[in-house]
Structures are given as C-alpha cells and as structure tokens.
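Working notes, structure below.
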Amino acid sequence: MDDVCEQIDIAGGGFLNFRISESCLRSTLQAVLDGQHLCCSKVTQPRKVVIDFSSPNVAKSMHVGHIRSTILGDCLARIHRFVGNQVITDNHIGDWGTQFGKLLHGWKSILNAEAFAANPIEELERIYKQVNEAADKDPDLMSACRQELVQLQNGDPENLAIWQQMIDISRQQFDQIYRRLGIHFDHTLGESSYNDALPGVVEELLKLNIASESDGATVVFFPDIKEMADHPAIIRKSDGGFNYASTDLATLDFRLREFQPDQIIYVTDGRQQLHFKQIFEIFRRWKQSTGPQLEHVWFGAILGDDGKPFKTRSGGTIKLADLLNEAEERALAVVREKNPDMDEALQKSIASKIGLGAIKYADLLPNRNSDYRFSWDKMLALQGNTAVYLLYANTRIASLLRKADHYHPHNVTFQSLNHPAEWTLARKLINFGFILETVVEESRPNYLCNYLYELASDLSSFYDQCPVLIAEGESRVDRLGLCQAVGMVLSKGLELLGIETVEKM
RNA sequence: GCGCCAGUAGCUCAGCUGGAUAGAGCAACUGCCUUCUAAGCAGUCGGUCCGGGGUUCGAAUCCCUGCUGGCGCACCA
C-alpha cells in the first residue's frame, strides 16, 4: 500500500482521498517507456467475439445511415483485439429479398447501358425507383416482378447471373469505402448465404414446439415476457416465404457451429431492439445449452439538421462517398492555409487523415444511444473537441521528439517531475487501461473519446506551462520522457478509434 | 392501446451500474505568439438536470406518476 499510496486525507462528506504516490507514477511511466505496457493489460481469459456490423444493401449506395454501424463496429473490433480477444468481423450484407424482383425486371427492361457503365450503382437505384413506383399502380407489372423473384429463387441461371453481377458491383463500391476508412472484414456472409438453411431452421423450431402455426404463418409467441407478450415473431410467412427473423436465426446457428464464439455483438440502429430481443429469446429456447453471450449494441436515429427524422425515402440522403470527399476537401483547405509551403502530396495525405478522422471522431463521441443529429459543420468541425485536437496534440509530441537532440529514453528517471501540470498529465495517463475495460464492458467507445480528449487537454496545458526542449538537465530529459509516454498512449488510443495519426499538421 | 428510448447551459451533447461545488464543445466577451506547432492556452458569461411524489446519510443517476418528443408493434429488412 505504501508503494502505491502517498497519503490519505479525510475529506468532507465522509470521503477518504487516496493520493497515488509519486514513486508509483514514476515506475508506471518508466514501464511504458520500456515497452512493458501502455497503462493497460490484456484480458486474462481471451474470448472469441463475432462482431456483425455495417451491413449495407446490394444495389444501393452507402449513405450516412451506414456510418454509425460501420465506424462503431470497427472501433469495437479494434478495441477487443487490442485487449486480447479473438475477433471475427462479419459483414451481413443485404443481398437477398423481394427488392430483387423489381431490380431484375428493371435490369431486363429499362437498364441504360451507358449510364450503367458510368455509374452502376446510381443506375441500379434509378431502375429500382422507376419500377417500384410504376409497380404500385400497375398490378401486371407487380406480378411480373414477383415472377422474376420466383425465377431467381428457383435458381434460374439468367437471373442468378444478373443477381450475382449486382452483388459484385455493389461489393466493389463497399470495398472502396472500406478501404478509405481502413476497415477490414474477415467475412462477408450476406443474407443469401443462409437460403438453404432456412427451411430446416423453421422445421426444427416447429418440431421442438418453440414455433407454431398461426393464421397460416409460422410464429413464436412470448406470453411470459412483458415487452413481447403482444409481439410474436414471424419466422415463416403464410405464403411459405422466409423473412429476416428466419435469416437471423439461421445466421446465428451457423455462427455458433462455425465459429463457436463466446460472444456475438450486433451493431445496428435502435429500431431493431424488439427484433433482436425476439431472436435472442428464440435462440435461448432453441439452444438451451451454454450459448454465446448475445449483445445488441444499438445506436440512435439519424436526424436531419432540423431535428426531424432523416428518412431515406425522402430523397435527401447524403451519400457516404460524398461525405468523405467533403471532409477531405474541407481539411485540405485548412492544411493548405496552415502549411502553405508544404509539398502538395503531403498536404493531401494529411488532409485525408484529418478529414476522415474528424468524421469518425464525430461519430464516436456521442453516447451511441442518443439520436444522431446530422450536420455538415458538426461532422466536419476541425476545432474544439474533435479529432483534430487529438491529432494536433500528437504532432506536438512528434515535433518535440524530432527535435530532441541527445535524448534517450534510458536516461529518463522521472525524478525531476515536480510541476503540477506534469503530475496531472501523468495521473491521467495511467487511467488508460481502466477506460478500455469500461469500453469493452459497455461497448461504448465514447468513453475512450472523452478520455483521449482529457489526456490531450492535460498535455496542451502542460505544453503551455512547461518548456520541454528549452528546459535544462534532468527536467528536459524527464519531460521528453513524459511526452513520449503520453504520445505512445495517445497514438494507440487514436488507432483504436480507427483514426490515423500524422507527424505534422 | 401496448412496449422501447429520450428530455441536462442560447445551440449540440457528456455525465446515468447512487457520491464531493453538474461538465465539455460551439456561440458571446477578456487576456496570451521576439521561446518547443495559437488547429493552442488561461479566464468571464451562461443551469428549475422536463414537472410532481418516493427510496436514501446522500438522487441528473434508482422507483412510481404526469407531460413532451422519437421509434417499434404478425407476414419489408
């Protein structure tokens, strides 16, 4: 206790204040510099965690509605991996469903080859929209579309080939976005991967008396669960077709057998809460033995600038690619202004990291359960509590270390630390591991954002009050050592948020 | 109607598994660049934590209730 604790004060209100000892702080910082740890430890029992996120739809552009799942899921994957868990990421893309009837019909009747060559996704969106609107007024057209869908489901070679082409094109588009964002998936097993398994799943649930027939559909009831007593789950429609409940159950079953995970995390918006409660409950009844921990990590709705729900069909969707472009452009303007003499290629590379980092940070900073209010200015802000602030703090450290002639970490003892700003910074630094544990526990990266902002803020304050390169003797060495240790944690933290760091800005 | 989620500074939001004087960014205002990156630092201003009960030594946080808003509720995902 004496090693860790310096003094214990009796504070007001029945509080005891334990002050961490300076010697403990010194040895912790020393261990960071020695590469022993980063003020955090690996989990004692690594778990296998499947993370299901992003899940865009084939034949549609990725838009702002996809960023939360994509960025949040990737961040969680990074953090789980870092703390020592084995992570499997799976992109459950929407590559099956009734929309393909209309798409196939549109493809065969009104596809514009030139427009398709120029921008395939846009053309697919156009034909879908046109057929969809026309089919609403024209029953014959509607049944023609249904016929195309049946053909596809029956394995018609022509329709299958077209369908496959639409998937390939879409995946190219997805991959472009993921490449820009530095996101990788271990698997992309879309809804269609489970087609063959659907009948078996439903039959098994019927056989086990978990599901029953009701009004021609196959349904699971939850009479004893308050929230779901009036909300049964349909797992097979009265026309014999399957829906997303059946697909999700088949997917879950597959993952259990294929990966044998300890935990599965689904990152989707909050509107699917009831759906996942149903799926998890059905699964609990179905696989009564020790199943994986199932967690629905949900996030709030995306609202427009006016605070009203941001509806997809209203036509005002912002494409994800456009958002990323705009972020890079805005960042580039500032980079040029701040660094007029910098090489243009370097300006662009820095602007890209800043712009994309700004988007990720803006997305991860709010509590995920809050509704998301989309605003260009907020999303792309480069001042205040933003990625730029963290990146800037990191470049200051990088700059100091670049200029630190004759500095060697093994000369650092931290014996000269005595300024309050130094101790404030050091005490903040050692909280990193605790924060990571909380993030993993609650799947809330905003805790990490807040921590890194506080760390950067303490660094900026220290930087203002304590000269580093100009300091003399031990103080110079120790302050450089402190900066280096902070830089190691700060840059690791940014990496865990999926934000690339820069040397200069 | 039933259920889920939310309501905190002018705006956008943290904080919510009970703890000290409720925090940050933006906006507004005041200082700080002949010293390491001012994309910064220091400060001022700004609060009925939606209302009302309750539990507790202690409630923004937990419970009940009311109001307001968002979302979901058999055959879209």
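Residue numbering restarts at 1 for every chain, and letters A, B, ... go by the order of the sequence lines.
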Next on the checklist: What's the gap between B:C49 and B:C2 when it is taken at their C1' atoms, as a whole Å value?
Outcome noted: 30 Å
Next on the checklist: Does A:S214 reach a base, just sugar-phosphate, or nothing at all? Heavy atoms under 4.0 Å.
Outcome noted: base
Item to check | Base paired to B:U61 (Watson-Crick or G-U; both N/O distances under 3.5 angstrom) | outcome: none
Next on the checklist: Between P on B:C5 and CD1 on A:I302, what's the gap in Å once rounded to a whole number?
Outcome noted: 21 Å
Item to check | Nearest-nucleotide pick for A:S238, side chain only, options being B:C75, B:A74, B:G3 | outcome: B:C75
Checklist entry - Across the strands shown, which category fits A:I354 at heavy-atom distances under 4.0 angstrom: base, sugar-phosphate, nothing? => result base
Checklist entry - Roughly, in whole Å, what's the span from CG in A:L391 to P in B:U37? => result 17 Å
Item to check | B:G25 versus B:A9 - spacing of their C1' atoms, nearest Å | outcome: 12 Å
Checklist entry - Distance check: side-chain N/O of A:K378 vs OP1/OP2 of B:U12, anything under 4.0 Å? => result no
Next on the checklist: Measuring from the side chain of A:N385 (C-beta onward, heavy atoms only), which nucleotide among B:A74, B:C5, B:A24 has the closest atom?
Outcome noted: B:A24
Checklist entry - Is there a ring-ring contact (aromatic ring centres under 6.0 Å, His included) between A:F280 and A:H296 once you walk through the steps? => result CA-CA 9 Å; A:F280 295 173; A:H296 182 210; 7.1 Å; no
Next on the checklist: For A:Q173, I'd like to know if atom CD has over 12 heavy atoms of other residues, nucleotides or ligands within 6.0 Å.
Outcome noted: yes
Item to check | Nucleotide forming a Watson-Crick or wobble pair with B:C36, both distances under 3.5 Å | outcome: none
Checklist entry - Just wondering, more than 12 heavy atoms not from A:E503 lying within 6.0 Å of its CD? => result no
Checklist entry - What is the base-pairing partner of B:A42, counting Watson-Crick and G-U wobble geometry with both distances under 3.5 Å? => result B:U30
Checklist entry - NA contact type, A:M228, heavy-atom cut-off 4.0 Å: base, sugar-phosphate, or nothing? => result nothing
Checklist entry - Is there a side-chain polar atom (N or O) of A:N367 under 4.0 Å from OP1 or OP2 of B:G15? => result yes
Next on the checklist: The test is side-chain hydrogen bond (donor to acceptor under 3.5 Å, both in side chains); show your working for A:E495 and A:T501 and say whether it passes.
Outcome noted: CA-CA 8 Å; A:E495 182 192 317; A:T501 55; over 6 Å; no
Item to check | Any A:N369 side-chain N or O less than 4.0 Å from OP1/OP2 of B:C4 | outcome: no
Next on the checklist: Please report whether the ring centroid of A:F185 lies less than 6.0 Å from that of A:F53.
Outcome noted: yes
Item to check | Distance below 4.0 Å between A:R396 side-chain N/O and B:A38 OP1 or OP2 | outcome: yes
Next on the checklist: Tell me if the centroids of the rings in A:Y244 and A:H275 come within less than 6.0 Å of each other.
Outcome noted: yes
Checklist entry - Contact class for A:E337 (heavy atom, under 4.0 Å): base, sugar-phosphate, or nothing? => result nothing
Checklist entry - Taking atom P in both B:C26 and B:C41, what distance in whole Å separates the two? => result 9 Å
Item to check | Partner nucleotide of B:A14 by Watson-Crick or wobble geometry (both distances under 3.5 Å) | outcome: none
Next on the checklist: Tell me if B:C33 is syn or anti. Syn = glycosidic torsion within 90° of 0, anti otherwise.
Outcome noted: syn
Checklist entry - So what does A:S460 hit on the nucleic acid, given a heavy-atom distance under 4.0 Å: a base, only sugar-phosphate, or nothing? => result sugar-phosphate
Item to check | N/O (side chain, A:Y392) to phosphate O (OP1/OP2, B:U37) under 4.0 Å | outcome: no
Item to check | Heavy-atom donor-acceptor pair, A:N339 side chain to A:V335 backbone, under 3.5 Å | outcome: yes
Next on the checklist: Partner lookup for B:C2, please. Criteria are Watson-Crick or G-U wobble with both distances under 3.5 angstrom; report none if nothing qualifies.
Outcome noted: B:G72
Checklist entry - Hey, does A:Y463 reach any base, or is it just sugar-phosphate, or nothing, if we go heavy atoms under 4.0 Å? => result base
Item to check | Gap in Å between the two P atoms, one belonging to B:C5 and one to B:C63, rounded | outcome: 10 Å
Checklist entry - Within the structure shown, what part of the strands sits under 4.0 Å from A:A217 by heavy-atom distance: base, sugar-phosphate, or nothing? => result base
Item to check | Along RNA chain B (nearest heavy atom to each residue), the more 5'-positioned of A:E191 and A:L400 | outcome: A:L400
Checklist outcome for this item: Ranking A:D230 and A:D371 by the position along RNA chain B of their nearest nucleotide, the one closer to 5' is A:D230
Next on the checklist: Measuring from the side chain of A:S370 (C-beta onward, heavy atoms only), which nucleotide among B:C41, B:C13, B:U37 has the closest atom?
Outcome noted: B:C13
Checklist entry - Expressed as a whole number of Å, how far does the C1' atom of B:C33 sit from that of B:A20? => result 39 Å
Next on the checklist: OP1 or OP2 of B:A38 versus the side-chain N and O atoms of A:K338: is any pair under 4.0 Å?
Outcome noted: no
Next on the checklist: Regarding A:D215, tell me which of base, sugar-phosphate or nothing describes its non-hydrogen contacts under 4.0 Å with the strands shown.
Outcome noted: base
Next on the checklist: Less than 4.0 angstrom between a side-chain N/O of A:K277 and OP1 or OP2 of B:G72, yes or no?
Outcome noted: no
Item to check | N or O in side chain of A:S461 less than 4.0 angstrom from B:C41 OP1/OP2 | outcome: no
Checklist entry - On a whole-Å scale, what distance lies between the C1' atoms belonging to B:A28 and B:G46? => result 10 Å
Next on the checklist: For a quick check of understanding: with a heavy-atom distance under 4.0 Å over all strands, which category does A:C466 fall into, base, sugar-phosphate or nothing?
Outcome noted: base
Item to check | Under 3.5 Å: donor-acceptor pair, side chain of A:H187, backbone of A:L189 | outcome: no
Next on the checklist: Nearest to the side chain of A:N243, heavy atoms from C-beta on, is which of B:C2, B:C36, B:A77?
Outcome noted: B:A77
Next on the checklist: Measuring to OP1 and OP2 of B:A24, would you say a side-chain N or O of A:S457 lies under 4.0 angstrom away?
Outcome noted: no
Checklist entry - Judged by atom type as modelled, is there a donor-acceptor pair below 3.5 Å linking the side chain of A:R479 to the main-chain atoms of A:P467? => result yes
Checklist entry - Base, sugar-phosphate alone, or nothing: which one does A:Y447 contact when heavy atoms must sit under 4.0 Å apart? => result sugar-phosphate
Checklist entry - How long is the line joining CG of A:L365 and C1' of B:C26, in whole Å? => result 13 Å
Next on the checklist: Of the listed nucleotides (B:A77, B:G15, B:C5), which one gets closest to any side-chain atom of A:N446?
Outcome noted: B:G15
Next on the checklist: Is A:Y453 close enough to B:C13 that one of its side-chain N or O atoms is under 4.0 Å from OP1 or OP2 there?
Outcome noted: no
